[in-house]
Amino acid sequence: MPFSQEREENDLASQRLVSLSAKQSSFINISHQSVMLKTGIYVDAENIKMSGGYGMRYDVLVDIANTPTSILLRANCYLAEDRDRTSKEPDYRQKVYFYHNILRQCGFKIIKKYVRRYEDEDGNVTTKANADMDLAIDALLQARNLDRIIILTGDGDFIRLVTALQNMGCRVDVIGFNNVSRELREVADSFLSGFLIPGLLPFQPQPEDIVHKEGEWQRGTVANFNADRGFGFFRFFRMQPDHILRPETVFFHLSKSTLEGDYYFQDSTRIFEFRIVENPHNEGRSEAWDIRLVREN
């Protein structure tokens with residue numbers, strides 16, 4: 001089969017994949033246009049920071065909660081603060097409070113859990129600052145005035161909370177990065193990796209990226225892969241002006257991958273970074289180049 005004909009057939013398959021994805025992904029386009037959901041966001045900041053979400057942009061979280069069908073009413077961020085360090089280290093204190101001010105400017109209420117230190121009989125010191133209980137209680141109390149709750153965490157300890165919120169009539173969406181509990185993904189009404197939300201976690205440029213000036217970087221998952229022919233389609237999202245996430249697909253070929261072999265592309269849960277360019281040798285069609293792996297589950 002000529003490559004051009006093969007490509008046209010796969011373009012049609014790509015369009016069907018996008019249409020199906022949009023229907024199936026309820027996180028992207030929720031409810032009917034006539035319904036306005038009252039939304040609350042609850043961020044388990046310490047879990048997110050330790051699980052690949054360090055540097056997350058909170059203003060993007062606000063954007064995805066404010067759409068034609070959703071309005072943000074509550075935004076809570078639960079984090080730890082080491083009072084010993086803030087009282088003794090000016091640089092640390094300035095950094096921490098600057099970060100807190102940014103969150104407040106984005107509209108988040110900050111709930112602090114102060115670090116506690118415990119010393120055992122052998123003199124070993126352990127620290128603890130767990131805000132899980134605070135998050136759970138606040139979410140349960142505030143859910144009475146909410147229709148939709150977005151929880152950012154990967155902690156399986158919140159499974160019972162998700163179920164309780166659903167039993168109160170709330171829709172519960174979960175966003176996480178690495179090391180997300182499988183049970184938490186399954187019990188949530190929808191789960192979306194934070195890596196896939198445009199702008200939520202800025203790209204970390206690699207040394208080889210400096211020489212590339214054309215194209216845009218995206219993150220996505222494999223929507224379709226033909227192992228025999230060595231090509232397929234990535235599924236990724238674009239954020240529209242109304243903050244709705246719209247799924248799209250882009251063609252890729254293994255020759256543009258930085259990875260050895262096709263093993264990684266046979267798992268639809270793996271997340272990749274790639275540069276979308278218009279290939280002048282293929283009628284200017286969009287393709288994914290410089291493909292690299294973001295993480296493995």
Establish whether [X] and [Y] are linked, either directly or via other cluster members, by ILVMFWY side-chain heavy-atom contacts under 4.5 Å.
X      : Y      : result
Met133 : Leu161 : no
Val43  : Tyr99  : yes
Ile159 : Leu140 : yes

Are side-chain heavy atoms of [X] and [Y] found at a separation under 4.5 Å?
X      : Y      : answer
Thr221 : Phe195 : no
His100 : Glu81  : yes
Tyr92  : Asp82  : yes
Arg235 : Leu196 : no
Asp173 : Asp189 : yes
Lys38  : Arg74  : no
Arg219 : Phe236 : no

Atom pair [atom1]/[atom2] of [X] and [Y] - distance to nearest 0.5 Å:
X      : Y      : atom1 : atom2 : result
Trp289 : Glu278 : CH2   : CD    : 10.5 Å
Arg185 : Ser190 : CZ    : OG    : 12.5 Å
Leu259 : Tyr264 : CG    : OH    : 6.5 Å
Phe191 : Leu184 : CZ    : CG    : 8.0 Å
Ile271 : Asn178 : CD1   : CG    : 8.0 Å

I'd like to know if the side chain of [X] reaches the main chain of [Y], judged simply by a donor and an acceptor atom lying under 3.5 Å from each other, with no hydrogens or angles considered.
X      : Y      : result
Gln166 : Val187 : yes
Thr258 : Ile291 : yes
Gln142 : Gly40  : no
Ser87  : Asp84  : yes
Asn282 : Arg285 : no

Anything under 3.5 Å between a donor and an acceptor, one on a side chain of residues 59-67, the other on a protein residue two or more places apart or in another chain? List them.
{"from": "Asp59", "atom 1": "OD1", "to": "Arg57", "atom 2": "NE", "distance (Å)": "3.2"}
{"from": "Asp59", "atom 1": "OD2", "to": "Arg57", "atom 2": "NH2", "distance (Å)": "2.5"}
{"from": "Asn66", "atom 1": "OD1", "to": "Leu72", "atom 2": "N", "distance (Å)": "2.9"}
{"from": "Asn66", "atom 1": "ND2", "to": "Val62", "atom 2": "O", "distance (Å)": "3.3"}
{"from": "Thr67", "atom 1": "OG1", "to": "Thr69", "atom 2": "N", "distance (Å)": "3.2"}
{"from": "Thr67", "atom 1": "OG1", "to": "Thr69", "atom 2": "OG1", "distance (Å)": "3.4"}
{"from": "Thr67", "atom 1": "OG1", "to": "Ser70", "atom 2": "N", "distance (Å)": "3.2"}

- Can you name the residues that form a ring pair (Phe, Tyr, Trp, His ring centres under 6.0 Å) with Phe265, not counting sequence neighbours?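 By the ring pair (Phe, Tyr, Trp, His ring centres under 6.0 Å) rule, Phe265 matches Phe225, Phe252, Phe272.
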
- Message: I need the full list of ring pair (Phe, Tyr, Trp, His ring centres under 6.0 Å) pairs touching residues 57-88, with sequence neighbours left out, sorted by first then second residue.
- Response: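 Passing the test, one end in residues 57-88: Tyr58-Phe108.
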
